[in-house]
Structures are given as C-alpha cells and as structure tokens.
Amino acid sequence: MIYKYLGDIAEIKGGKRMPKGTRLQQEKNQHPYLRITDYDGKSFDRNSIRYVPDEVFEKISNYTVTEGDIFLSIVGTIGIATTIDKEYDNANLTENAVKIIPDESVNSKYILYFLQSMLGQRQMNELSVGSTQKKLPIKNIKKIKILLPNLEIQNKVVSNLQILDKKIAS
C-alpha cells in the first residue's frame with residue numbers, strides 16, 4: 001500500500017456564490033442549490049433545499065454536481081463529506097463546498113469513507129486556515145494523503161463498511 005495525494009487521484013472543483021443581487025427561491029424547479037446548512041448528517045434535507053431561479057441558472061451553470069461526485073464542505077463546518085445521489089444530479093454547488101471527482105483507478109466510496117474517517121478529518125482540520133472562520137482551500141485539499149491499496153482491496157473495504165452501515169441503520 002502507498003500513500004497518494006488526493007489531488008493526484010481526483011479532480012477537485014469549487015462551487016459558486018449566487019450572483020450579487022440575486023436570491024435563492026423556495027419554489028421548486030430543476031436547479032436545487034446545495035448548501036452546507038441543508039445537510040442533516042445523513043443526506044440533504046429536501047425541506048430546506050432552496051433553488052436557483054431559472055434566469056440565474058445560466059450564470060452559474062458551470063458549478064454543478066453530478067451523481068457520484070463527493071460533496072465536501074470547506075468553510076465553517078469543515079469536513080462534511082457525502083456522495084451526490086441521483087436526486088441532486090446537476091444541482092448547483094455552494095461556494096462553501098467542493099466536488100471531488102475521483103479518477104477511474106479509485107473507488108469513490110473508498111475516498112468518501114477515508115474523508116469521513118478520523119484520519120481524514122484530522123488532516124482536513126490541520127490543512128484548514130483562518131482564525132475567525134476556518135476554510136479549507138482547494139490547494140490544501142489536494143494535499144490530503146490517502147492510504148491507497150489496490151482497487152481490489154479498496155472494493156473489499158467499501159463492501160465491508162457498507163455492510164456495517166446497513167447494520168447500524170437498521
């Protein structure tokens with residue numbers, strides 16, 4: 001097993017703030033806006049999700065997430081990590097989070113479990129900057145070191161952890 005930097009095995013892209021003078025809306029449309037405050041510890045809370053108005057979406061349409069991307073909070077509450085599910089495919093991403101797109105040599109769930117682990121959380125805390133409000137810059141996210149076994153072992157680890165997650169949930 002070897003250590004790899006997250007930036008060497010994944011693409012990391014930031015979200016986007018709403019343009020000045022525009023606001024999110026409560027009325028549902030095809031453009032949900034994923035904020036850290038909408039995450040309830042297990043998933044995004046459908047009741048708190050806000051939406052980008054249709055006329056504003058074009059201005060920030062390059063800052064969306066895709067099903068399977070990893071959502072990671074990087075401002076304030078640092079280290080919330082979850083996978084984007086089908087319901088939020090093509091949702092807009094807040095400027096307070098990034099999406100992580102692992103390359104094909106890595107099981108994305110393995111990266112997710114690592115980021116959620118004590119070791120992953122500790123590294124994110126150590127790589128954060130700022131005293132008033134902590135921030136984890138993209139350049140520092142790329143420096144997160146992950147113990148990376150071969151893909152076969154990654155898949156076994158993920159499978160075992162998913163079994164445990166199901167047992168805990170039931």
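The structure displayed is predicted, hence computed values, not measured ones.
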Looking at every heavy atom in both A81 and L72, which two are closest together, and how far apart are they? CB-CD1, 4.0 Å
Same apolar cluster: L115 and L127, side chain cutoff 4.5 Å: yes
Inspect the surroundings of CD in E55 and state if more than 12 heavy atoms from other residues, nucleotides or ligands are less than 6.0 Å away. yes
Nearest heavy-atom pair of Q121 and G79: which atoms, and what distance? NE2-O, 2.9 Å
Are Y88 and L93 linked, directly or through other ILVMFWY residues, by side chains that come within less than 4.5 angstrom of each other? yes
With the side chain counted from C-beta on, respond yes when P53 and T22 share a heavy-atom pair under 4.5 Å apart, and no when they do not. no
Just jot down the ring-ring contact (aromatic ring centres under 6.0 Å, His included) partners of Y39, sequence neighbours excluded, or say none. F44
Here's a test for you: under side chain to side chain contact (heavy atoms under 4.5 Å, CB included), which of I74, I141, I144 qualifies with M124? I144
Kindly compute the distance separating NZ (K13) from CG (D69), expressed to the nearest 0.5 Å. 9.5 Å
Going hydrophobic residue to hydrophobic residue with side-chain gaps under 4.5 angstrom, can you get from L161 over to I153? yes
Would one find more than 12 heavy atoms of other residues, nucleotides or ligands at under 6.0 Å from atom NZ of K134? yes
Give me the atom names and distance for the closest heavy-atom approach of V158 to K109. CG1-CB, 3.6 Å
Main-chain N/O of K166 paired with S170 side-chain donor or acceptor, under 3.5 Å: yes
Can you list every pair that meets side chain to side chain donor-acceptor pair (under 3.5 Å) and has a residue in residues 43-53, with sequence neighbours left out? D38-S48, R46-E87
Pair N92-H31, side-chain donor/acceptor within less than 3.5 Å: no
How long is the span from the CD atom in Q123 to the CD1 atom in I146, to the nearest 0.5 Å? 8.0 Å
Determine whether a donor-acceptor pair (N or O, by modelled atom type, separation under 3.5 Å) exists between the side chain of Q154 and the backbone of V106. no
Minimum-distance pair of heavy atoms, taken over all atoms of S108 and P102: CB-CG, 3.5 Å
Looking at K99, I want to see if its NZ is surrounded by more than 12 non-hydrogen atoms of other residues, nucleotides or ligands under 6.0 Å. yes
To the nearest 0.5 Å, how far apart are NZ in K135 and CG in N96? 7.0 Å
Does V157 share a hydrophobic cluster with L119, counting links as ILVMFWY side-chain heavy atoms below 4.5 Å and allowing steps through other members? yes
Would you sort out whether L164 and N160 count as a side chain to side chain contact (heavy atoms under 4.5 Å, CB included), showing the intermediate values? CA-CA 6 Å; L164 288 173; N160 288 333; 5.8 Å; no
Keeping S73 on the side-chain end and A97 on the backbone end, is there a donor-acceptor pair under 3.5 Å? no
Polar side-chain atom of S117 near backbone of F114 as donor-acceptor pair, under 3.5 Å: yes
For residues I101 and I70: do they belong to one hydrophobic cluster (side chain heavy atoms under 4.5 Å, members Ile, Leu, Val, Met, Phe, Trp, Tyr)? no
Would you say N140 and S128 make side-chain contact, with heavy atoms under 4.5 Å? no
At their closest point, which heavy atom of N107 faces which heavy atom of L151, and how far apart are they? N-CD1, 3.6 Å
Does any N or O in the side chain of E95 come within less than 3.5 Å of the main-chain N or O of G14, such that one atom is a donor and the other an acceptor? no
Might you work through the side chain to side chain contact (heavy atoms under 4.5 Å, CB included) test for L34 and I49, ending with a clear yes or no? CA-CA 7 Å; L34 300 180; I49 295 283; 3.7 Å; yes
Looking at I9, I12, V65, L112, which hits side chain to side chain contact (heavy atoms under 4.5 Å, CB included) with I100? I12
Please round to the nearest 0.5 Å and tell me the distance separating atom OG1 of T64 and atom NZ of K16. 13.5 Å
What pairs with S105 under side chain to side chain donor-acceptor pair (under 3.5 Å), at least two apart in sequence or on another chain? D103
If you look at every heavy atom in K4 and L148, which pair is closest and at what distance? CG-CD2, 3.7 Å
Using the rule given for side chain to side chain contact (heavy atoms under 4.5 Å, CB included), can you reason through Q30 versus F57, listing the C-alpha separation, both sets of side-chain angles and the distance that settles it, and then say yes or no? CA-CA 10 Å; Q30 298 299 310; F57 177 73; over 6 Å; no
The reported gap from OH in Y113 to OG1 in T83 (rounded to nearest 0.5 angstrom) is 8.5 Å
Just how far is it from atom CD1 of I84 to atom CZ of F71, taken to the nearest 0.5 Å? 6.5 Å
